[in-house]
Amino acid sequence: MSYLDNILFAILLIAGFGFFATSVKKIIRNINLGVDVDRKDNPQARWANMALIALGQSKMVKRPVAGVLHIIVYLGFIIINIELLEIVIDGLFGTHRVFAFLGTAYNILIGSFEILALLVLVAVIVFWIRRNVIRLKRFINPDLNGFPKSDANYILYFEMILMTLFLLMNASDLHLQNVPGGFSHFHKAGSFPVSQFIAPIFNGMSNELVMLLTEIFWWLHIAGILVFMNYLYFSKHLHILLAFPNTYFADLRPKGQFDNLESVTKEVKLMMDPNADPFAAAPVDENAAPSKFGASDVQDLNWVQLLNAYTCTECGRCTSACPANQTGKKLSPRKIMMDTRDRLQEVGKNIDANKGVFVPDNKTLLNDYITPEELWACTSCNACVEECPVNISPLSIIMDMRRYLVMEQSAAPMSLNAMMTNIENNGAPWQYSQQDRLNWKNEN
Ligand code: SF4
Ligand code: SF4
């Protein structure tokens, strides 16, 4: 590599990481648009969750075929990228296989990278077949029409290309290492259990041509990694980074436990307790903005719900387990997460375009993205939460939006309104007084 190459490489690296840092800043800013929620409790359980679910992929293997293939791709992604360190040092300082001095350990490392790269290639091809040939139901669901479907395929193509380039780079390097008497700086280093079978394709080519090809593979490989890293911002693939904080900050309470609104709880307690002193309540701040019940837009959700939206992998496990979706209702918990993310991105772009301030755009998450029909189809069974491999809760968003419909707009379905009136008047969901509640046993 010439000095010019080293400088070009440094520029490419700075640009790649610079753009990525800008995207990360935007994601953090957008997540912070959410309402605060305290998730600092019980750090031990949180670390354990993260280790087990994000790192250990424990929920992925509930569906063994996809789970095992995913673990291969995930391990490949993490381990093969260790090689990135060597690539960066070689690129910046013009060295060649700078870690070769590790000897046997280096050979074992490169050998295992190659085997993993091959396994990743196979796993990614199987994933592609499941999506495009077998067409599993959760991958052809209308939620994924348009960009999300292409996005899933782009990621698979990216991974196929990166792994192929990695193996080709090694194969051409190996070819040059084996030139009798040595060639240029290609000294013997590494073991190549997979690319040794690819290397013969370079036989018959001049050494200069193979060297040029090695450099092309090398540049395309590193450029591909940087492009892939920057593509994450636009893709569902963000989960490879966000699964970790997402599982850490997930709700630790038992499923089915809902948040009570403090102000409403106080009111109810005052109503129920004849000895309560209504004037003992905290003084009211006349200047405070009136609190809004529930959520109609992304800024009303809490920051963990917004983090959930960015983390969603669009795998559809939630939707395939959702009884409402299975029985033909309009609801898809995956779509709830995708819509939340889309709206959050839209709000973020609005802020960027208006010098850091959100200018109302006459749109909201409710109605423009998620309809009341979808929200009311939910049975609140928690199947989606249970199924999600990264501990996302579409249900919590559904509930907050329903709360808005009921408490801010009195827009509950008629059957619910009747039930709530009965609870208010009779202390029970039925249309008769409490004294008559055991009458049913006298009937027959
Ligand atoms: S909680 Fe609602 S959205 Fe989730 S699986 Fe059950 S019905 Fe579907
Ligand atoms: S919410 Fe979870 S289960 Fe549903 S699509 Fe997203 S990642 Fe998959």
Side-chain angles (χ1 to χ4, degrees), residues 53 57-67 70 130-131 134-149 151-152 236 239 242-243 246-247 250-251 253-259 294-295 298 301-302 304-344 365-406 412-413 415-416:
I53 298 170
Q57 311 256 306
S58 59
K59 288 179 92 177
M60 277 304 296
V61 286
K62 279 189 182 173
R63 300 193 189 194
V65 176
H70 190 269
R130 279 157 55 92
R131 273 182 191 270
I134 302 174
R135 292 165 64 81
L136 292 183
K137 189 166 174 277
R138 66 191 162 107
F139 297 137
I140 55 167
N141 189 299
D143 303 350
L144 295 183
N145 286 350
F147 176 72
K149 185 169 188 279
D151 177 34
K236 66 164 191 145
H239 75 273
L242 295 185
N246 196 75
T247 44
D251 197 347
R253 295 174 305 170
K255 288 188 194 71
Q257 185 172 332
F258 286 103
D259 292 317
V298 283
L301 296 170
N302 68 49
V304 176
Q305 290 169 316
L306 301 185
L307 173 64
N308 280 184
Y310 271 125
T311 310
C312 178
T313 74
E314 297 172 15
C315 66
R317 288 180 182 218
C318 52
T319 296
S320 68
C322 171
N325 189 274
Q326 282 171 3
T327 49
K329 311 284 188 310
K330 219 181 144 200
L331 173 65
S332 160
R334 168 171 59 188
K335 178 178 170 292
I336 299 287
M337 300 316 302
M338 293 168 72
D339 285 345
T340 306
R341 176 177 173 164
D342 287 349
R343 174 62 183 155
L344 184 56
L365 180 62
L366 180 67
N367 297 324
D368 291 299
Y369 286 84
I370 300 172
T371 61
E373 185 187 345
E374 291 168 76
L375 297 174
W376 292 116
C378 177
T379 66
S380 67
C381 67
N382 265 300
C384 52
V385 186
E386 176 63 30
E387 281 296 305
C388 180
V390 284
N391 273 15
I392 285 169
S393 174
L395 176 59
S396 76
I397 295 178
I398 294 172
M399 282 301 154
D400 282 350
M401 295 181 76
R402 276 191 188 182
R403 182 172 270 169
Y404 174 84
L405 285 172
V406 173
S415 50
L416 272 181

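Nothing here was measured: the structure is a model prediction, and the numbers come from that model.
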From CE (Met338) to CD1 (Ile370), nearest 0.5 Å: 11.5 Å

Contacts of Thr340 that satisfy side chain to side chain donor-acceptor pair (under 3.5 Å) - sequence neighbours left out: none

Set of ring pair (Phe, Tyr, Trp, His ring centres under 6.0 Å) partners for His239, sequence neighbours left out: His237

Show me the donor-acceptor pairs within less than 3.5 Å that the side chains of residues 379-389 make with the rest of the protein, sequence neighbours left out.
from   : atom 1 : to     : atom 2 : distance (Å)
Thr379 : OG1    : Cys381 : N      : 3.4
Glu386 : OE1    : Lys255 : NZ     : 3.0
Glu386 : OE2    : Lys62  : NZ     : 3.0
Glu387 : OE1    : Arg63  : NH2    : 3.2

Heavy-atom check, side chain of Val65 versus side chain of Arg130, under 4.5 Å: yes

Working for side-chain hydrogen bond (donor to acceptor under 3.5 Å, both in side chains), residues Lys335 and Asn141: CA-CA 10 Å; Lys335 178 178 170 292; Asn141 189 299; over 6 Å; no

From CD (Glu373) to CG (Leu331), nearest 0.5 Å: 10.0 Å

Considering all heavy atoms, the nearest Arg138-Ala66 contact: NH2-CB, 4.5 Å

From Glu374 atom CD to Tyr369 atom OH, the distance as rounded to the nearest 0.5 Å: 13.0 Å

Spacing of CG belonging to Leu306 relative to CE belonging to Met337, to within rounding of 0.5 Å: 8.5 Å

CD1 on Ile53 to CG on Asn391, rounded to 0.5 Å: 4.0 Å

Sidechain-backbone polar pair: Asn325 side chain, Pro333 backbone, donor-acceptor under 3.5 Å: no

Side chain to side chain donor-acceptor pair (under 3.5 Å) partners for Thr311, two or more places apart: Asn246

Asp342: partners by salt bridge (Lys or Arg N to Asp or Glu O under 4.0 Å), with sequence neighbours left out: none

Results of side chain to side chain donor-acceptor pair (under 3.5 Å) for Thr327 - residues two or more places apart only: Lys329

Contacts of type side chain to side chain donor-acceptor pair (under 3.5 Å), residue Tyr310, not counting sequence neighbours: Asn30, Gln345

Those residues that, when tested against Gln326, pass side chain to side chain contact (heavy atoms under 4.5 Å, CB included) (two or more places apart): none

Residue list, salt bridge (Lys or Arg N to Asp or Glu O under 4.0 Å) with Asp368, at least two apart or on another chain: none

Note, Ile392 side chain near Thr313 side chain (heavy atom, < 4.5 Å): no

Which residues share a salt bridge (Lys or Arg N to Asp or Glu O under 4.0 Å) with Arg343, sequence neighbours left out: Asp297, Glu346, Asp361

Side chain to side chain contact (heavy atoms under 4.5 Å, CB included) evaluation trace for Leu366 with Leu405: CA-CA 9 Å; Leu366 180 67; Leu405 285 172; 3.8 Å; yes

Test item: Thr319 side-chain N/O and Arg334 main-chain N/O as donor-acceptor pair under 3.5 Å: yes

Check: Cys378 main-chain N/O paired with Arg402 side-chain donor or acceptor under 3.5 Å: yes

Under the side chain to side chain contact (heavy atoms under 4.5 Å, CB included) test, residues paired with Ile140 that sit two or more places apart: Arg135

Extract all donor-acceptor atom pairs below 3.5 Å that involve side chains of residues 393-400 and protein atoms in other chains or at least two apart in sequence.
from   : atom 1 : to     : atom 2 : distance (Å)
Ser393 : OG     : Ser396 : N      : 3.1
Ser396 : OG     : Gln305 : NE2    : 3.0
Ser396 : OG     : Ser393 : O      : 3.1
Asp400 : OD2    : Gln305 : NE2    : 3.1

Approximate separation, where rounding is to 0.5 Å, of Lys149 NZ and Leu144 CG: 9.0 Å

